[in-house]
Number of protein chains: 2
Amino acid sequence: MVKQKISITDIAEKTGLSTTTVSRVLNGKAEQYRISKKSQQKIKEVAKELHYTPNQFAANLRTGKSGTMALIIPSLNNPFFAGIASEINTELRKSNYTTIISDSDENPETEKMELQQLIARNIEGLIIVPCGNEWEHIKSLQEQGLPVVCIDRYFENLDIPFVSTDNYTGASMATKQLIENGHSRITCIQGVQHSTPNKLRIKGFRDTMKKAGLESESIVGDDFTFQNGYLETKLLLQQKERPTAVFTLSNTIAMGCMKALKEENIKVPDDISLITFDDHPYLDYLVTPLSCIAQPVSDISKIAVKFLISKINKQEVKTSQVLLRPTIKMRDSIKRIN
Amino acid sequence: MVKQKISITDIAEKTGLSTTTVSRVLNGKAEQYRISKKSQQKIKEVAKELHYTPNQFAANLRTGKSGTMALIIPSLNNPFFAGIASEINTELRKSNYTTIISDSDENPETEKMELQQLIARNIEGLIIVPCGNEWEHIKSLQEQGLPVVCIDRYFENLDIPFVSTDNYTGASMATKQLIENGHSRITCIQGVQHSTPNKLRIKGFRDTMKKAGLESESIVGDDFTFQNGYLETKLLLQQKERPTAVFTLSNTIAMGCMKALKEENIKVPDDISLITFDDHPYLDYLVTPLSCIAQPVSDISKIAVKFLISKINKQEVKTSQVLLRPTIKMRDSIKRIN
DNA sequence: GCAATTTGAACAATCGTTTGCGCATATTTT
DNA sequence: AAAATATGCGCAAACGATTGTTCAAATTGC
């Protein structure tokens with residue numbers, strides 16, 4: 001703590017006015033309480049001269065408002081989430097909120113603990129990428145009056161607002177692309193199974209396969225990690241009949257997959273085609289520029305913030321559950337076969 | 001804010017004890033103040049039953065301790081900084097601190113404003129990657145008693161603690177590597193010129209060139225961005241006599257460089273060799289796996305946190321200015337010529 | 001059995017702001 | 001010139017926790 005912090009009282013003394021008046025001027029309520037221009041000026045001058053910074057804690061204690069929002073994501077190390085964090089951080093700052101970013105590390109217990117901490121900090125709102133399939137602790141916060149919005153992952157049939165990608169469509173697009181290029185033996189490497197995006201992507205994949213008369217779809221994996229992508233691909237390559245195409249459900253999985261392919265000296269797209277969920281600048285410069293389903297990260301973040309702010313301002317929002325359409329970015333990782 | 005928050009007073013009422021006693025028990029000072037086991041138990045039970053969470057604001061107002069640290073980085077979107085943020089976040093949490101991550105967006109004015117905000121939040125310590133060459137505002141905070149440590153970028157000849165990479169050595173290693181492979185026309189694309197890491201990297205580059213009798217070194221660029229890397233490379237390729245090797249001073253610059261090279265259909269390393277500062281998982285899967293100077297991100301973060309905690313605990317630290325040795329990761333982006 | 005000590009806990013001030021209410025003075029109205 | 005209204009500002013009580021000090025009751029010592 002910076003010692004000798006100067007308070008509203010110091011300004012009051014120096015100006016010969018009361019803390020009440022100082023507070024009002026500094027909060028822009030001067031007009032409302034008819035403080036004379038002269039006093040206003042004096043107070044502002046002295047405040048500047050003394051380098052006054054209000055003690056948020058005191059103000060917050062009094063008002064119950066913290067000016068703080070919380071963002072909980074599964075991992076800052078995942079570029080997808082880092083991007084979201086960055087966007088939300090700046091977006092919230094525009095509305096004069098400070099964001100506390102927490103990393104649940106894909107662990108529901110950690111998530112709960114962080115949430116506790118955050119509550120103690122009197123957060124005014126929460127944006128969360130829930131990392132488990134339990135929703136009670138989140139729902140209960142909402143019921144206590146805390147504005148909450150889920151992003152990326154969410155809970156269906158629950159009235160917690162969310163903003164996410166239309167994962168079903170995204171996966172369908174990717175799968176269709178593969179099929180149209182003649183692929184039929186397609187393996188999908190998935191992430192956390194119970195997560196809504198994963199479920200919907202899988203559904204999109206399955207439905208599209210089925211519609212094309214391709215029943216033999218194979219789905220493997222269980223985590224949105226590099227590790228998972230690597231291991232599953234390794235296993236995949238052991239099979240007698242390898243797939244001709246792989247659809248990875250995240251950029252992290254894709255990276256793991258690529259590592260395995262590289263080790264086994266399998267070329268994309270000549271030996272195997274690849275498409276993934278999530279875009280990333282690097283994807284353009286890979287051995288084979290990777291085709292992907294790009295999520296509207298920026299829009300997701302902005303809408304989520306908007307929801308939160310509206311809730312706080314008690315504005316009515318018609319819809320608060322939004323799915324944004326992803327775009328497919330074709331690069332060179334899919335080979336036309338047959 | 002969650003309404004109907006229960007306070008220490010509620011517990012006091014329900015147990016028939018005073019807030020004093022409740023506070024002491026809940027803060028683990030029961031023994032010190034000889035609170036009976038029975039009372040302790042009762043208080044803890046009721047606290048749990050009521051789902052009590054302390055109001056940090058009240059506590060902090062009283063104690064002046066906020067349990068909050070600040071981290072200011074130039075951009076969460078840069079994977080290098082995102083990695084640092086992630087590490088520091090979890091590291092500080094281990095010591096029971098909440099971290100507020102701020103994004104200065106490479107803008108000194110923004111940095112100053114954020115700092116103001118953070119001061120108002122009574123942060124107990126600051127880890128910062130300063131984004132300008134002004135240090136007064138940071139130094140002044142330190143002089144007011146705020147523990148500060150710079151990471152990555154820092155100020156020489158100032159007694160602000162810092163943890164960074166030995167950039168001079170890193171750049172020397174990279175340059176030497178290039179020279180040993182027969183390169184003499186080497187262009188270095190730098191980042192923010194006044195930043196200490198950049199200056200030292202440039203110095204390492206220059207000295208190594210000079211030592212090898214290569215005086216004609218060319219240095220271009222002025223920002224740690226994708227843009228900068230792209231534009232400078234574009235310009236580079238216009239020259240009559242192109243360099244045989246490029247040394248980019250960050251991963252973002254490298255990406256921009258690669259984009260330009262790709263557009264002009266220049267192959268790495270056949271047409272031009274490339275090495276960059278900063279590692280990233282993706283580097284392994286690029287068209288040409290990119291050789292790099294990897295910074296010890298994890299160690300930097302951990303040491304920075306350690307410094308901060310020591311300062312707060314008023315422990316003496318012998319040295320508080322540390323440069324960590326980077327490692328060179330050879331992949332396939334350097335061609336032996338001549 | 002009375003003083004001395006220990007045990008267990010409460011009083012009340014405090015941190016820096018905000019805010020409902022109140023109260024002089026100054027100005028205008030009639 | 002008295003009444004009504006407007007202007008400019010301050011009092012003092014919160015907010016919820018922490019803490020130096022005090023104090024009664026229980027226990028011990030002699």
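In what follows, chains carry the letters A, B, and so on, assigned in the order in which the sequence lines appear, proteins first and then strands, with residues in each chain numbered from 1. Bear in mind the structure is a predicted one, so any value in this text is a computation, not a measurement.
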Could you give the [atom1]-to-[atom2] distance, from [X] to [N], as a whole number of Å?
{"X": "A:Ile35", "N": "D:dT7", "atom1": "CD1", "atom2": "P", "value": "13 Å"}
{"X": "A:Gln32", "N": "C:dC21", "atom1": "CD", "atom2": "C1'", "value": "14 Å"}
{"X": "A:Ile8", "N": "C:dT19", "atom1": "CD1", "atom2": "C1'", "value": "12 Å"}
{"X": "B:Arg34", "N": "D:dA25", "atom1": "CZ", "atom2": "P", "value": "16 Å"}
{"X": "B:Leu17", "N": "C:dC11", "atom1": "CG", "atom2": "C1'", "value": "15 Å"}
{"X": "B:Leu61", "N": "D:dT18", "atom1": "CG", "atom2": "P", "value": "11 Å"}
{"X": "B:Asn55", "N": "D:dT18", "atom1": "CG", "atom2": "C1'", "value": "13 Å"}
{"X": "A:Ile43", "N": "D:dG10", "atom1": "CD1", "atom2": "P", "value": "8 Å"}

For [N] and [X] - does any side-chain N or O of the residue sit under 4.0 Å from the phosphate oxygens OP1/OP2?
{"X": "B:Thr63", "N": "D:dT18", "result": "no"}
{"X": "A:Ser7", "N": "C:dC15", "result": "no"}
{"X": "B:Ser18", "N": "C:dC11", "result": "no"}
{"X": "B:Ser39", "N": "C:dG8", "result": "no"}
{"X": "B:Ser36", "N": "C:dA9", "result": "yes"}

Quiz item: Side-chain donor or acceptor of A:Arg24 under 3.5 Å from a matching atom on the base of C:dG20?
Solution: yes
By the 4.0 Å heavy-atom rule, please label [X] as base, sugar-phosphate, or nothing.
{"X": "A:Tyr33", "result": "base"}
{"X": "B:Thr20", "result": "base"}
{"X": "A:Lys29", "result": "sugar-phosphate"}
{"X": "A:Asn27", "result": "sugar-phosphate"}

Quiz item: Just how far is it from atom CG of A:Asn60 to atom CZ of B:Phe57, taken to the nearest 0.5 Å?
Solution: 4.0 Å
Practice problem: May I ask you to decide whether A:Lys112 forms a salt bridge with A:Glu109, counting only side-chain N to carboxylate O separations under 4.0 Å? | Solution: yes
Quiz prompt | Side chain of A:Ser23 - closest among D:dG16, C:dT19, D:dT18 | solution = C:dT19
Quiz item: For A:His194, does the NE2 atom sit with more than 12 other heavy atoms under 6.0 Å from it, leaving out its own atoms?
Solution: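 Count over threshold, so yes.
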Self-check item: Which atom of B:Glu114 lies closest to which atom of B:Ser102, heavy atoms considered
Solution: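 Residues B:Glu114 and B:Ser102, closest heavy atoms: OE1-CB, 2.7 Å.
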Quiz item: Going by atom types alone, do A:Ser23 and A:Thr20 pair a side-chain donor with an acceptor below 3.5 Å?
Solution: no
